[in-house]
Amino acid sequence: MAKPSLPQGTRDFSAAVVRKRNYILSTIRNVFELYGFQPLETPAMENLETLMGKYGEEGDKLIFKILNNGLNDPKNADKAKEGFEKMMEGKNSPALTERALKYDLTIPFARYVAMNHGQLTFPFKRYQVQPVWRADRPQKGRYREFTQCDADVVGSKSLLNEIELANIYHESFVKLGLTKYQLKLNSRNILTALAELCGGADKMIDISTAIDKLDKIGVDKVKEELLQRGLTQQQVATIEQYLSISGSNVEKLAAAEKLFTGNDAAAKGLAELRYVCNHCENVNIDIDFTLARGLNYYTGVIFEAKAPADVKMGSIGGGGRYDNLTGSFGVPDIAGVGISFGIDRIYDVMEELSLFPDDLQIGTKVLFFNLGEAESLFAFKAMQELRRSGISCELFHETAKMDKQFKYAEKKGIPFAVIIGSKEIETGNAVVKNLSTAQQEAVAVNQLSLFFHNKS
RNA sequence: GUGGUUGUAGCUCAGUUGGUUAGAGCAUCAGAUUGUGAUUCUGAGGGUCGCCGGUUCGAGCCCGGUCAUCCACCCCA
């Protein structure tokens with residue numbers, strides 16, 4: 001037998017980790033619900049056709065494809081061989097694969113909206129918490145299976161939605177203790193304006209991906225990359241001017257306004273940012289004109305949530321507005337805006353900052369000691385009584401030395417021990433020991449439930 | 001997809017220019033006064049040295065390949 005192992009980039013989650021993850025997820029879910037969002041779940045796999053072409057060329061390569069069943073059936077052999085030839089040319093073939101693991105939650109959501117738009121009430125606000133899969137090479141903060149946690153509003157062009165989503169980020173992060181998170185804000189319209197000013201609309205992607213790296217590689221490298229991507233010295237100089245905009249949000253908006261005088265797209269983008277900023281007073285919004293975001297379907301305001309600056313983690317969430325979510329599924333004119341929480345990364349950040357509450361790990365509250373055959377049966381009855389009243393407890397599985405039973409409780413983080421031996425059966429009083437303070441007291445067996453309910 | 005790092009006991013790691021039967025700490029289990037967690041002591045179990053091949057009288061160590069891991073790039077959460 002080969003040693004058992006896990007596929008690259010996937011993880012098991014042990015009890016302690018699951019509890020912490022659930023803490024994050026339920027915190028965020030509660031905020032979503034508070035804002036009137038409804039849950040949605042979609043299958044782990046989608047038709048490959050649904051996903052292909054939605055994430056750009058790079059994204060398509062990272063989709064996990066599922067091999068068709070029955071390829072070894074002789075009657076499929078020719079088709080399968082043909083499909084294999086196509087695959088070697090870098091194309092997909094339905095003869096070989098027609099399903100894939102979902103790559104994000106947005107496209108399956110779009111597919112759902114397109115399929116059900118007749119039945120949905122718009123604006124439709126949904127949240128979705130599910131795993132997604134990417135065939136990326138794993139590294140710090142990057143996994144091949146990870147959980148996404150999205151909230152989207154579709155069927156509304158109101159900027160109030162952006163304001164709500166910014167507030168959802170704020171409330172969630174504050175509740176999790178990440179008070180020093182940063183919420184970067186930009187508008188795709190401003191990037192469009194920049195492209196118009198420097199080489200035309202077709203340079204938009206080149207410019208965006210280059211300037212997005214500013215804080216990572218510095219101005220000089222960005223300029224180098226822009227030149228490499230075919231921009232002229234003069235255009236690069238304009239972009240440098242754009243990148244040098246700094247100050248408070250108000251100052252940045254004013255500076256950009258000056259730079260883009262007379263440009264319609266810029267005026268629209270700046271108006272969006274100004275509106276959102278003006279109505280998000282408590283949110284840690286930071287206008288960042290270098291923010292681009294990879295996904296090519298964003299059309300308006302874009303968000304990126306970053307971990308507190310003292311943690312090396314970068315993005316812990318992102319989102320933005322899109323004009324035409326369902327267009328590629330044959331349903332035009334459904335606009336929307338959404339955000340996503342990177343909960344695996346939020347986990348890592350919270351771990352690094354020790355932000356998880358201590359009491360998350362208490363599962364079993366009381367351990368009944370097993371001090372003999374008759375004693376254990378007596379304890380079992382008392383324990384069942386306690387369980388009926390809602391206290392989580394267990395009886396040590398065999399008669400053993402107390403030392404061993406104490407150690408078991410200690411390792412499992414069980415806060416209380418109930419000791420019932422022959423003496424206790426006689427008197428009807430159990431010994432209850434608080435394992436963290438080492439204090440113990442006698443409690444009548446029929447009063448245990450009351451005793452523990454008063455402890456919590 | 002590109003580049004690099006590291007693979008020795010359950011965990012963390014030693015292991016000399018290549019030289020007998022591969023070690024330590026922690027952890028586990030048993031025992032040291034049969035109803036109170038510590039400490040200490042004694043003992044035990046546990047390794048195809050990631051895998052395959054090569055060089056050599058001899059390989060955990062050198063060489064080639066391969067797999068896994070972590071890190072960085074591309075891209076992204």
Side-chain angles (χ1 to χ4, degrees), chain A residues 1-11 24 28 55-63 90 102-106 129-150 169 205 208-210 212-213 216-217 221 225 291-296 298 303-307 312-320 338-349 367 369-372 375 396 399-425 430-441:
Chain A
M1 263 303 255
K3 273 186 192 169
S5 65
L6 237 37
Q8 190 178 43
T10 65
R11 300 155 292 165
I24 296 173
I28 297 173
Y55 307 107
E57 210 175 309
E58 285 299 315
D60 283 357
K61 286 185 198 160
L62 300 180
I63 293 172
K102 68 175 169 232
Y103 179 88
D104 73 351
L105 301 180
T106 306
V129 181
Q130 288 191 276
V132 301
W133 293 268
R134 295 185 185 179
D136 219 345
R137 200 174 277 206
Q139 56 179 284
K140 188 176 183 184
R142 174 179 301 186
Y143 308 96
R144 287 185 146 184
E145 177 185 66
F146 64 99
T147 305
Q148 274 194 343
C149 180
D150 283 20
Y169 268 137
I205 302 283
S208 300
T209 49
D212 197 34
K213 297 177 195 164
K216 220 173 186 179
I217 62 177
K221 293 263 177 168
E225 190 166 332
L291 178 63
R293 308 258 335 135
L295 298 167
N296 37 21
Y298 291 130
F303 299 100
E304 180 158 306
K306 302 197 85 171
K312 273 194 174 173
M313 185 56 84
S315 176
I316 53 173
I339 55 169
S340 179
F341 286 85
I343 81 122
D344 296 81
R345 287 188 176 178
I346 291 172
Y347 180 98
D348 290 346
V349 170
L367 178 70
F369 275 29
N370 184 328
L371 299 177
E375 291 89 338
F396 197 78
T399 303
K401 291 201 295 190
M402 299 190 76
D403 173 72
K404 198 169 176 177
Q405 304 194 40
F406 273 120
K407 280 184 175 162
Y408 176 83
E410 192 179 7
K411 275 187 186 163
K412 284 195 73 173
I414 299 171
F416 293 99
V418 169
I419 300 167
I420 298 176
S422 49
K423 271 188 277 175
E424 286 74 17
I425 293 177
V431 172
V432 176
K433 181 160 182 173
N434 180 326
L435 296 181
S436 52
T437 63
Q439 283 175 340
Q440 59 183 50
E441 57 190 297

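Reminder, nothing fancy here: chain letters follow the sequence lines and each chain counts from 1.
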For [X] and [N], what is the distance between atoms [atom1] and [atom2] respectively, to the nearest whole Å?
| X | N | atom1 | atom2 | answer |
| --- | --- | --- | --- | --- |
| Lys221(A) | rA72(B) | NZ | C1' | 14 Å |
| Trp133(A) | rA77(B) | CH2 | P | 17 Å |
| Leu367(A) | rG37(B) | CG | C1' | 12 Å |
| Lys423(A) | rU36(B) | NZ | C1' | 11 Å |
| Tyr298(A) | rA77(B) | OH | C1' | 11 Å |

Just N and O in the side chain of Lys433(A): are any of them under 4.0 Å from OP1 or OP2 of rG35(B)? no

Taking only N and O in the side chain of Gln8(A), is any of them less than 4.0 Å away from OP1 or OP2 of rA68(B)? no

Stacking between Phe146(A) and rA77(B), defined as ring centres under 5.5 angstrom apart with planes under 30°, is that present or not? yes

Which is true for Ser340(A) with a 4.0 Å heavy-atom rule: it touches a base, it touches only sugar-phosphate, or it touches nothing? nothing

Residue list, salt bridge (charged side-chain N to carboxylate O under 4.0 Å, His left out) with [X], at least two apart or on another chain:
| X | value |
| --- | --- |
| Asp348(A) | none |
| Asp60(A) | none |
| Glu225(A) | Lys213(A), Arg229(A) |

Can you tell whether the side chains of Glu410(A) and Lys407(A) come within less than 4.0 Å, N to carboxylate O? no

With nearest nucleotide decided by heavy atoms, which residue, Arg144(A) or Gly9(A), maps closer to the 5′ end of RNA chain B? Gly9(A)

Of Arg134(A) and Asp403(A), whose nearest nucleotide on RNA chain B comes first from the 5' end? Asp403(A)

Can you pull every protein N or O that's under 3.5 Å from an N or O on nucleotides 29-33 of chain B?
none

Given [options], which nucleotide is nearest the side-chain atoms of [X]?
| X | options | answer |
| --- | --- | --- |
| Gln148(A) | rC74(B), rA77(B), rG35(B) | rA77(B) |
| Phe406(A) | rC75(B), rG37(B), rA72(B) | rG37(B) |
| Lys213(A) | rU36(B), rG35(B), rC74(B) | rC74(B) |
| Tyr143(A) | rG37(B), rA77(B), rG35(B) | rA77(B) |
| Glu424(A) | rG35(B), rC75(B), rG37(B) | rG35(B) |

Check step by step if side chain to side chain contact (heavy atoms under 4.5 Å, CB included) holds for Glu304(A) and Lys306(A). CA-CA 6 Å; Glu304(A) 180 158 306; Lys306(A) 302 197 85 171; 4.2 Å; yes

Is a donor-acceptor contact shorter than 3.5 angstrom present between the side chain of Gln440(A) and the base of rU36(B)? yes

So Gln130(A) and Asp150(A), side chain to side chain contact (heavy atoms under 4.5 Å, CB included) or not? Walk me through it. CA-CA 9 Å; Gln130(A) 288 191 276; Asp150(A) 283 20; over 6 Å; no

Could you walk me through whether Leu371(A) and Glu424(A) pass the side chain to side chain contact (heavy atoms under 4.5 Å, CB included) check? CA-CA 11 Å; Leu371(A) 299 177; Glu424(A) 286 74 17; 5.7 Å; no

How is the base pairing of RNA chain B summarised as a dot-bracket string, given the Watson-Crick and G-U wobble criteria with both distances under 3.5 Å, [ ] for crossing and | for another strand? ((((.((..((((.....[...)))).(((((.......))))).....(((((..]....))))))).))))....

When the P atoms of rC51(B) and rU8(B) are compared, how many Å lie between them, rounded to an integer? 10 Å

Contact pattern, 5' to 3', of nucleotides 1-7 of chain B - B, S or - by protein heavy atom under 4.0 Å: BBB----

